[in-house]
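Below: one structure, written as C-alpha cells.
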Amino acid sequence: MKKQKQQGKKKKQQNQQNRQKRTELLEQQKQLEQQSKKEQQEQLEQQKRIEQEKQLEQQNQIDKQKQLEQQRQTGQQNQLEQQIRLEQVRKQRQLEQQKQLEKLKRKRQQKEQRQKRDWKAYIYNCPYLIAISLTSIAVMFASDEIGISAIARDAQTFVCKSYAKMPGERDALATISNGLMQDDNRNTSDINNMSDAEEGEENRNTEEAQTENTLSGGDAADSECGNPDAAAEPENAGKRKEESNDLQSEDGQQDEYDIPENGVESEVVPKGITNFVFYEPTPTDSRYYEDAGKVALTTEYPYAKENISYFDDAAFLGDSRTLGISDYAGLDAADFYCDSGMTIFKILEEEVTYQKTGSKVLMPEVLQNKKYGKIYIMLGMNELGYGNTEMYLEQYRQVLIQIREWQPEAIIYIMANLHVSEEKNNMETEFNNMNINSKNAASAELANGTDVFYLDVNPVFTDEEGYLNAELTFDGVHLYAKHYDAWREFLLEHAVEPVAKKQP
C-alpha cells in the first residue's frame, strides 16, 4: 500500500511538472506570437511611413512643378508688362520728339515770316536807299570842302538814324553809310573838323551794325555784314569778336542790356576762348545722336581763386548731379533748383524743387523776382535717351536767351555733364561718353567768354581713357558723397569776377 501511495504521489508530481511545462510552453508560444505580432505591426508601420514619405515627396515634386509653372507664368507676365512699358515709353518719346519737331517747325516758320517781313521792309525802303546813294554821289562831284559835304553828312546820319530801328534795316543802312563816309573822306580834307556829337552818333551806328550776331551764327552774321576780319577767324564757339560781349537774341538784335546806360562804358576785360579737341568721329546706328568728332575744353580765361562766400548770390539749375552738389558740396548759401530727371526742355516749363525749403517753384517767377550774380547750369544727362543734339542745342540756346533777359548782370556758367564709368558706358546704348561729349560740345558753343563760360570738371574725376573712375562712383553715374568737395574746389578755382562800370 505504501508503495502504491508513493507511486501515486510521484505520478501526481510528474503530472504537475508536465502541466507546468505545458503552461510554460504555452506562455512562450504566446510571447512568441506577441513578438511576431509586434514585429508585423512595426513592419506595417514602417511600410506606412515609407508610403507617406513617398507621397510627401510626390506632393513636393508636384508643388515644385506648380511653383515653376507659376514662376514661368509670372515671368512671362513681367516680360509682357515690360514690353508694354517699353512701348509706352517709346510712344511718349515719339510724342515728345513730335512736339519738339513741331516747336522747331513753328520757330522756322516764324523765322521765315520775319525774313519775309524784312525783305518787304527792304523793298519798301529801297527808294530811300537809292535816294541816299544818288545824293551822296552827287555831293562827291559837286561839293566844296566845307559847306555841302557837311550838309550831306548830316542828312545821311539823320536818315540812317530814322530807319535803323526797323527790322533788318540797321545792317544795310549802316554799311551804306560807312561806305559813303569813306568815299567822302577821300575827297574831303577837313573831315576832322566834324563835331564830337556827330562822331559819337556815327560810331554808335557802326558799332551797332558790327555787333549784331547771335549765339549760333556770330561768324556768319559778321561775314554777311561785310566784316573781313570776322570771316578770317577760325570757327570756335568759345571765341567771340571784340565788338560783341553779351548773349544776344535769336534774330540778331542786340539786347537792351548790351547798350551802356547814360553813355557809361564798361571796363575793358579779357575775353575767354573755348577750344575743342577734334578727332575722327565714329559712325553710330543710333537715331538719337551721332559722334560729334570733338571734345569741348574749359573756357580759357584768367580765373580767380575765391572763397566760399563767392556763392552767396549764386543759383544752381540742374538734375540729380546738381542735387548731389547741393547735398554734399557744402554750398549752403547758394540756391539750388534741381530734381532727378530734370531736362533742358523742362527747366523753364515745369515746377522745380527749391532745395532749401523742399517746395516746388517755377523758374520764370524766381528769375524775374530775385537777382543773382552767378547762375550755374548742368543739364543734359536725361536728354541722352531722346532727342538729337541739334534739338538739345537749340533748346539750350533759347533757355540762355531767356535767362539773360531776366538776369542781365549775372555771370552764367555752363557746366559739362560728368562722364560715366566704363562698365556703364558698355552696358547702355545711349548712356555713353560719346553721347555725353556730343551734348557737352554743343552746349560749349554757347559760351562767349565774357559773361557765359563753359566749365568741364571731367579731368578731376575721370581716368586716362576718359571714363568716370570706378572707385569714385557707386552706380557708374553719381559720385560718392565724400568726392563732392573736389567739385567745390574746382568751382572755387574757376571764378569770374563781375566787371564794374566806369563812373561818368
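Looking at Asn433, its side chain never comes within 3.5 Å of a backbone N or O of His419 through a donor-acceptor pair. In this structure, the side chain of Asn458 engages the main chain of Asn417 through a donor-acceptor pair within 3.5 Å. Side-chain atoms of Gln407 come within 3.5 Å of backbone N or O of Leu367 as a donor-acceptor pair. Between the Asp475 side chain and the His478 main chain, a donor and an acceptor come within less than 3.5 Å of each other. Side-chain atoms of Asn382 come within 3.5 Å of backbone atoms of Met342 as a donor-acceptor pair (strictly under, hydrogens ignored). Formation of a donor-acceptor pair under 3.5 Å by the Glu383 side chain with backbone atoms of Gly380 is found in this model. Counting only distance, with no hydrogens or angles, the side chain of Arg321 and the backbone of Met378 share no donor-acceptor pair below 3.5 Å. Not a single donor-acceptor pair under 3.5 Å links the side chain of Glu430 to the backbone N or O of Asn435. Between the side chain of Asp291 and the backbone N or O of Thr282 there is at least one donor-acceptor pair closer than 3.5 Å. At distances below 3.5 Å, at least one donor-acceptor pair connects side-chain atoms of Asn78 with backbone N or O atoms of Thr74.
Between Val399 and Leu317 the shortest side-chain heavy-atom distance does not fall below 4.5 Å. In this structure, the side chains of Ile377 and Leu400 come closer than 4.5 Å at one or more pairs of heavy atoms. The shortest distance between side-chain heavy atoms of Thr353 and Gln355 falls below 4.5 Å. You'll find the side chain of Trp406 stays beyond 4.5 Å of the side chain of Val366, heavy atoms only. Looking at Lys370 and Glu365, their side chains never come closer than 4.5 Å, going by heavy atoms from C-beta outward.
No side-chain donor from either of Ser286 and Thr284 sits under 3.5 Å from a side-chain acceptor of the other. Side-chain N/O atoms of Asp335 and Tyr354 include a donor and acceptor closer than 3.5 Å. Side-chain polar atoms of Thr298 and His494 form no donor-acceptor pair below 3.5 angstrom. Counting only N and O atoms by type, the side chains of Glu394 and Gln398 include a donor and acceptor under 3.5 Å apart. Asp327 and Tyr484 share no donor-acceptor pair across their side chains, judged by distance under 3.5 Å alone.
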**OP:** Take Phe431 and Val420 through the side-chain contact (heavy atoms from CB on, under 4.5 Å) test and state the conclusion after the steps.
**Re:** CA-CA 8 Å; Phe431 291 90; Val420 296; 5.5 Å; no

**OP:** Could you go through the side chain to side chain donor-acceptor pair (under 3.5 Å) check for Ser421 and Thr473 one step at a time?
**Re:** CA-CA 8 Å; Ser421 65; Thr473 177; over 6 Å; no

**OP:** Given side-chain contact (heavy atoms from CB on, under 4.5 Å), test Glu489 with Asp485 step by step and report yes or no.
**Re:** CA-CA 6 Å; Glu489 294 303 316; Asp485 290 344; 5.6 Å; no

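The number of heavy-atom neighbours closer than 6.0 Å to OH of Tyr328, taken from other residues, nucleotides and ligands shown, is 12 or below. At most 12 non-hydrogen atoms from other residues, nucleotides or ligands lie less than 6.0 angstrom from NZ of Lys371. When the shell of 6.0 Å around NZ of Lys99 is examined, it contains 12 or fewer heavy atoms from other residues, nucleotides or ligands. Around the CD atom of Gln97, the shell of radius 6.0 Å holds more than 12 heavy atoms that belong to other residues, nucleotides or ligands. Counted within 6.0 Å of CD on Glu471, heavy atoms from surrounding residues, nucleotides or ligands total 12 or fewer; the atom is thus considered open.
For the pair Lys374 and Tyr310, the cation-pi test (distance below 6.0 Å, angle within 45°) is passed.
Closest approach of Lys439 and Asn388 over heavy atoms only: NZ-C, 4.4 Å. Across all their heavy atoms, Tyr454 and Leu297 have their closest contact at CD2-O, 3.3 Å. Among all heavy-atom pairs drawn from Ser340 and Leu323, the shortest one is OG-CD2, 4.1 Å. Nearest heavy atoms, Met415 versus Phe316: CE-CD2, 4.2 Å. Of all heavy-atom pairs spanning Pro498 and Ile411, the tightest one is N-CD1, 3.9 Å. Between Thr389 and Ala442, the closest heavy-atom pair is CG2-CB, 3.6 Å.
The one candidate from Asn448, Asp456, Thr274 that meets the side chain to side chain donor-acceptor pair (under 3.5 Å) condition with Thr299 is Thr274.
A salt bridge links Lys360 with Asp339; the closest basic N to acidic carboxylate O contact falls under 4.0 Å.
Taking the six-membered ring for Trp and thresholds of 30 and 60 degrees, Tyr376 and Tyr413 have nearly parallel ring planes, at less than 30 degrees apart. Using cut-offs of 30° and 60° for the angle between ring planes, the Tyr337 and Tyr372 rings count as perpendicular.
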